[in-house]
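Worksheet: the structure to be examined is printed underneath.
Labels below follow one simple rule: chain letters A, B, ... track the order of the sequence lines, proteins then strands, and each chain is numbered from 1.
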Amino acid sequence: MGEVILNLVGLMITASLVNNVVLSQFLGLCPFLGVSKKTDTALGMGAACIFVITMASLVCSIIYKFILSPLDLSYLQTIVFILVIAMLVQFVEMILKKFVVSLYQALGVYLPLITTNCAVLGVALNNVTDGYSILESVVTGFATAVGFTISIVILAGLREKMEYNDIPAPFKGMPMVLLTSGLMAIAFTGFSALK
Amino acid sequence: MEAKKGALGFKQHTPAERFFNGLIVENPTLVLMIGMCPTLAVTSSAINGLGMGLATTFVLALSNAVISALRKVIPPTVRIPSFIVVIASFVTLVQLLMQAYVPALNAALGVYIPLIVVNCIIFGRAEAYASKNGIVPAFFDGIGMGIGFTCAITCIGLVREFIGGGTAFDVQILGEGTVVPGPVGAFLSGYTPISIFIQQAGAFFVLAFLIAIMNKIKMNMAKKGKDTSKFGQGCCSSAEEAAADKISAEKEARKEANE
């Protein structure tokens, strides 16, 4: 039992910090660059991502384990996963709207944006390639999304501070955000010692 | 631009016009700035960039042709899931072909091959061009856009590889073990590669400078009074930035209403 927990903690640290989804794998760059203007919207996006990525990891690994793998259909995983994720996001949105109104008000606006987040599909596919069990997939999905939240909130904080800085005209906007992310990526390589 | 003339003075919607439009006038990476995830992720070497570019070109051209052929059959309300299924089928095809014939490249590109499905260049072209035009122009639109993407990411890969490892297409040119003979080679072997360029951070830095250069060109063009409307700021990031602005505006309105 203790070994299992230790293994899961190791997975969490690797997925959230060492192999940070944005800064070392370049997945989910669009929301990372697009929704990082303010800390509170970044936090909302992060929370919505934690919710969706964890759910998607669970559903995709169940489908892979009990449907695709026994029927030898694993080559269909890309098509199946993308459709499942698109449906899941719609479904979650409808459920929240109907039953958990407070959560819907907090996360609802971010949900449609998440369908375009390649981190969701990326995590689901990586779980399969790495041969994780269902529990391990869920933990990895959760930790990856936490890693995403950590980096997007840090970037939003930095961008809020930089807003009134005097930046050369061609570097205004996206280039400056990319340079900041580059410096963050250097900082995050420090975590590779944790492996 | 005249009404009947397309890119570079070619007649509109002909194969040649579509090809050069994608390659130069509306280059997806350098001008429209879409599809940034693979641009950053796979450009640690020129070979990887080339492989990714060609795989994307294949998917783009064929999915454009199929979507264009089905444009009168697909009802507009379910067009997005239909496009996704067509694109995902071709991506699976590419994935299986690459596993069979170029396993080393497939291993190097890893999860980014199946992630071509969510590349916004492909979906963007399906929505903006293929679903409205004939099969032949749509096919060549895909080829042009794909080759434009391939050229751009191969160049970015080449720059990163050259500065970060001293190699070009895996041939050692700068630094120790250079293939250049004689005194020139002795001079070149003194170079110490700046390895940060082939690491993750280098991708962000190279892209930042690339966009800054494009911004400068755009500003110069605007100064001369030329049309700069075709320059994009990234598909997803601009759309999401707008959405994020809307979200914070809504929140503030709600806060005020509460008070």
Side-chain angles (χ1 to χ4, degrees), chain A residues 20 23-38 40-42 44-45 75-83 86-87 105 109-110 112-113 115-118 120-122 125-126 129 168-189, chain B residues 33 36-42 80-81 84-85 87-89 91-92 95-96 110-115 117-120 123 196 199-205 207-219 233-248 250-251 254:
Chain A
N20 186 285
L23 297 172
S24 97
Q25 297 187 57
F26 301 111
L27 299 177
L29 268 177
C30 299
F32 179 70
L33 300 174
V35 198
S36 55
K37 257 187 184 164
K38 291 211 173 87
D40 56 340
T41 39
M45 186 71 192
Y75 63 91
L76 284 179
Q77 57 181 11
T78 314
I79 304 181
V80 172
F81 285 2
I82 184 81
L83 289 176
M87 268 180 346
Q105 274 174 354
V109 278
Y110 303 96
L113 292 180
T115 334
T116 58
N117 188 341
C118 48
V120 187
L121 183 61
L125 289 168
N126 268 340
T129 359
F171 275 93
K172 267 194 187 127
M174 215 32 80
M176 205 56 218
V177 180
L178 285 166
L179 286 179
T180 316
S181 325
L183 292 175
M184 280 171 63
I186 296 179
F188 268 71
T189 48
Chain B
M33 294 185 192
M36 283 303 159
C37 291
T39 307
L40 285 170
V42 300
I80 290 174
I84 289 181
V85 172
I87 295 167
S89 316
V91 169
T92 309
Q95 207 181 348
L96 294 174
V111 75
Y112 299 104
I113 292 289
L115 285 180
V117 178
V118 281
N119 188 330
C120 36
F123 204 81
I196 193 107
Q199 286 165 4
Q200 285 88 356
F204 285 111
F205 292 146
L207 189 67
F209 277 92
L210 194 71
I211 297 181
I213 291 167
M214 288 313 285
N215 279 348
K216 186 78 192 160
I217 294 174
K218 215 190 301 183
M219 284 153 80
Q233 268 295 354
C235 61
C236 19
S237 36
S238 58
E240 292 191 339
E241 221 159 68
D245 285 346
K246 211 177 111 197
I247 290 165
S248 41
E250 265 173 22
K251 267 194 183 157
R254 208 181 295 157

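At a 4.5 Å heavy-atom cutoff, the contact between A/L179 and chain B is made by backbone and side-chain atoms alike. In this structure, the portions of B/L207 lying under 4.5 Å from any heavy atom of chain A include both its backbone and its side chain. Only the side chain of B/Y112 comes within less than 4.5 Å of a heavy atom in chain A; its backbone stays farther off. Proximity to chain A is absent for every atom of B/I87, based on heavy atoms less than 4.5 angstrom apart. Neither the backbone nor the side chain of B/Q199 comes within contact range of chain A; no heavy atoms are under 4.5 Å apart.
Between B/V111 and A/T129, the closest side-chain pair of non-hydrogen atoms is not below 4.5 Å.
Contact tally against chain B (heavy-atom pairs below 4.5 Å) for A/S181, A/P168, A/G28: the top residue is A/S181. Between chain B and the residues A/A185, A/S24, A/G122, A/A42, the most heavy-atom pairs under 4.5 angstrom are made by A/S24.
Taking all atoms of both residues into account, the shortest heavy-atom contact from A/P170 to B/N215 is O-ND2, 2.8 Å. For the pair A/I186 and B/A201, the tightest heavy-atom approach, listed with the atom from each and the gap, is CG1-CB, 3.4 Å. Contact between B/F204 and A/F26 at its shortest, heavy atoms only, is CE1-CE2, 3.5 Å. For the pair B/A41 and A/Q25, the tightest heavy-atom approach, listed with the atom from each and the gap, is CB-O, 4.4 Å. A pairwise comparison of heavy atoms in B/A208 and A/F171 identifies O-CE2, 4.4 Å as the closest pair.
Interatomic distance, OG1 of A/T78 versus CG of B/L115, reported as 8.5 Å (0.5 Å rounding). B/F205 CZ to A/L178 CG: the interatomic distance, rounded to the nearest 0.5 Å, is 10.0 Å. For the atom pair NZ of A/K172 and CE of B/M219, the computed distance is 8.0 Å after rounding to the nearest 0.5 Å. Note that CG of A/L29 is 5.5 Å distant from CG of B/L40, once rounded to the nearest 0.5 Å. Between the CG atom in A/N20 and the CD atom in B/Q200 there is a gap of 10.0 Å [rounded to 0.5 Å].
Only one option out of A/L27, A/I82, A/V120 pairs with B/V118 in a side chain to side chain contact (heavy atoms under 4.5 Å, CB included); it is A/I82.
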